[in-house]
Amino acid sequence: VQLQASGGGLVQTGGSLRLSCVASGSRLHINVMGWFRQAPGKQREFVAGITNAGTTKYHNSVKGRFTISKDSAKNTIYLHMNSLQIEDAAVYYCAAQLDWRVPFSVIYDYWGQGTQVTVSS
């Protein structure tokens with residue numbers, strides 16, 4: 001499975017961005033796709049995830065501001081980010097989890113390259 005993330009950029013506080021992640025290759029046993037982020041000097045953290053059935057999970061800090069969605073026909077997930085804050089600035093990574101794992105458990109099996117989100121005041 002190959003994951004290609006895009007959509008990062010520079011935005012002012014309060015602004016919006018939409019990230020996209022396209023999955024290619026053998027996706028037969030993928031159940032969860034999600035987004036993680038890593039800011040300089042910080043550990044990578046889970047942001048949002050979505051199962052094939054459409055169940056979603058969010059980090060508390062983004063609830064109500066970020067929305068994860070998927071277009072199964074395009075093998076793509078999206079992260080709609082609204083009301084962006086300085087602390088949302090990070091490199092955002094797309095990841096996928098195999099279906100034999102408990103959904104949203106710690107380990108993700110495939111990772112894409114990151115896309116930079118910069119938030120200015």
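- Note on F36: it does not cluster hydrophobically with V62, by side-chain heavy-atom contacts below 4.5 Å among ILVMFWY residues.
- Listed here is the closest heavy atom pair of M33 and A96: CG-CB, 4.1 Å.
- Using a 4.5 Å cut-off on side-chain heavy atoms (C-beta onward), Y92 and Q38 make no contact.
- At least one side-chain heavy atom of P103 sits less than 4.5 Å from a side-chain heavy atom of N31.
- Residues passing the side-chain hydrogen bond (donor to acceptor under 3.5 Å, both in side chains) test with E45, sequence neighbours excluded: R37.
- In this structure, the ring of F66 has its center no less than 6.0 angstrom from the ring center of W35.
- Taking NE2 of H80 as the reference point, atom OG of S20 lies at 8.0 Å (rounded to 0.5 Å).
- Checking side-chain atoms of Q4 against main-chain N and O of C21 turns up no donor-acceptor pair under 3.5 Å.
- Residues L3 and V91 are members of separate hydrophobic clusters, defined by side-chain heavy-atom contacts under 4.5 angstrom among Ile, Leu, Val, Met, Phe, Trp and Tyr.
- Residues Y108 and L98 have side chains not in contact (no heavy-atom distance under 4.5 Å, counting atoms from C-beta outward).
- Panel note: side chain Q113, backbone A5; a donor-acceptor pair is recorded below 3.5 Å.
- Here the closest non-hydrogen pair linking E87 and Q85 is OE2-OE1, 2.8 Å.
- Separation of atoms CG (N75) and OG (S24) is listed at 8.5 Å; rounding is to 0.5 Å.
- Rounding to the nearest 0.5 Å gives a distance of 13.5 Å between NE2 of H29 and CZ of R101.
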- Steps toward side chain to side chain contact (heavy atoms under 4.5 Å, CB included) verdict (D88, R65): CA-CA 11 Å; D88 295 317; R65 300 188 299 121; 2.7 Å; yes

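- Rounded to the nearest 0.5 Å, atoms CG (N52) and OG (S72) are 6.5 Å apart.
- Annotation for Q12 and V119: closest pair C-CG1, 4.1 Å, computed over non-hydrogen atoms.
- Between A89 and A39, the shortest heavy-atom contact is O-CB, 3.7 Å.
- No donor-acceptor distance shorter than 3.5 angstrom exists from the side chain of D109 to the backbone of Q97, with no hydrogens or angles considered.
- Linking ILVMFWY residues whenever their side-chain heavy atoms come closer than 4.5 Å, directly or via other members, leaves I50 and V32 in distinct clusters.
- Separating the CG atom in D99 from the CG atom in L28 is a distance of 7.5 Å, to the nearest 0.5 Å.
- The ring of Y58 has its center no closer than 6.0 angstrom to the ring center of F46.
- A 4.5 Å side-chain heavy-atom check between I30 and Y110 finds at least one atom pair inside the cut-off.
- When side chains are defined from C-beta on, S120 counts as touching L10, because their heavy atoms get closer than 4.5 Å.
- Between the T76 side chain and the K74 main chain, a donor and an acceptor come within less than 3.5 Å of each other.
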- Run the numbers on V47 and L79 for side chain to side chain contact (heavy atoms under 4.5 Å, CB included), then give the verdict. CA-CA 9 Å; V47 177; L79 187 66; 4.2 Å; yes

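- Linking ILVMFWY residues whenever their side-chain heavy atoms come closer than 4.5 Å, directly or via other members, places W111 and F104 in the same cluster.
- Contact annotation: the side chain of S16 never approaches that of M81 to less than 4.5 Å [non-hydrogen atoms, C-beta and beyond].
- Linking Ile, Leu, Val, Met, Phe, Trp and Tyr residues whenever their side-chain heavy atoms come within less than 4.5 Å places L17 and I68 in a single cluster.
- Between G8 and V117, the shortest heavy-atom contact is CA-CG2, 4.2 Å.
- Between the OH atom in Y78 and the CG atom in D71 there is a gap of 5.0 Å [rounded to 0.5 Å].
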